[in-house]
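Scroll down for the structure; my scribbles are underneath it.
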Amino acid sequence: MNFSTISDLHQSNDQAEQEQGPQVQQLMQDMSQLKHHEIENNAQLARIELKQDEVLDLLRQSR
């Protein structure tokens, strides 16, 4: 890519930002949703582990 002037470079940069802007926004949204799901999954895992501990305690007591 050769740019004859700084103006050409700026124009090319502006065009790239306009084209990629929506993709970047979507990527940021997707990452936010994934983080939210990760937090939910971690909370669910913690609840499962707590239940597992309770079940193991009950098994130990029943012996």
Side-chain angles (χ1 to χ4, degrees):
M1 235 186 269
N2 281 339
F3 301 105
S4 58
T5 65
I6 295 293
S7 177
D8 290 345
L9 176 61
H10 286 298
Q11 186 176 359
S12 177
N13 190 39
D14 291 345
Q15 182 179 352
E17 285 179 1
Q18 287 175 353
E19 291 171 359
Q20 294 175 359
Q23 292 172 330
V24 171
Q25 283 296 102
Q26 185 62 50
L27 183 60
M28 298 283 278
Q29 266 184 338
D30 292 348
M31 288 173 62
S32 178
Q33 285 179 333
L34 284 173
K35 189 65 179 171
H36 181 71
H37 289 308
E38 180 185 16
I39 290 168
E40 287 179 345
N41 289 344
N42 286 343
Q44 188 175 14
L45 180 60
R47 288 191 294 273
I48 290 168
E49 289 173 344
L50 188 60
K51 287 287 182 194
Q52 182 182 23
D53 288 344
E54 291 173 8
V55 169
L56 289 173
D57 285 343
L58 288 172
L59 283 172
R60 282 189 205 105
Q61 291 172 11
S62 69
R63 289 185 183 170

How would you list, by chain and number, every residue that makes a side-chain hydrogen bond (donor to acceptor under 3.5 Å, both in side chains) with [X], sequence neighbours excluded?
{"X": "K51", "value": "none"}
{"X": "H36", "value": "E40"}
{"X": "D53", "value": "none"}
{"X": "R60", "value": "D57"}

Legend entry - Nearest-0.5 Å distance, CG of residue L45 to CG of residue N41: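 It comes to 8.5 Å.
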Legend entry - Nearest-0.5 Å distance, CG of residue L56 to CD of residue Q61: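 The CD atom of Q61 is 11.0 Å from CG of L56, to the nearest 0.5 Å.
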Legend entry - Pairs involving residues 16-34, ordered by first then second residue, that meet side chain to side chain donor-acceptor pair (under 3.5 Å) (sequence neighbours left out): Q15-E19, Q26-D30
Legend entry - Test side-chain contact (heavy atoms from CB on, under 4.5 Å) applied to T5 - qualifying residues, sequence neighbours left out: S7, D8
Inset, instruction - Decide yes or no for L58 and E54: does some side-chain heavy atom of the first lie under 4.5 Å from some side-chain heavy atom of the second? - result: no
Inset, instruction - Would you check if V55 and L59 make a side-chain contact, meaning some heavy-atom pair closer than 4.5 Å? - result: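 Yes, side chains in contact.
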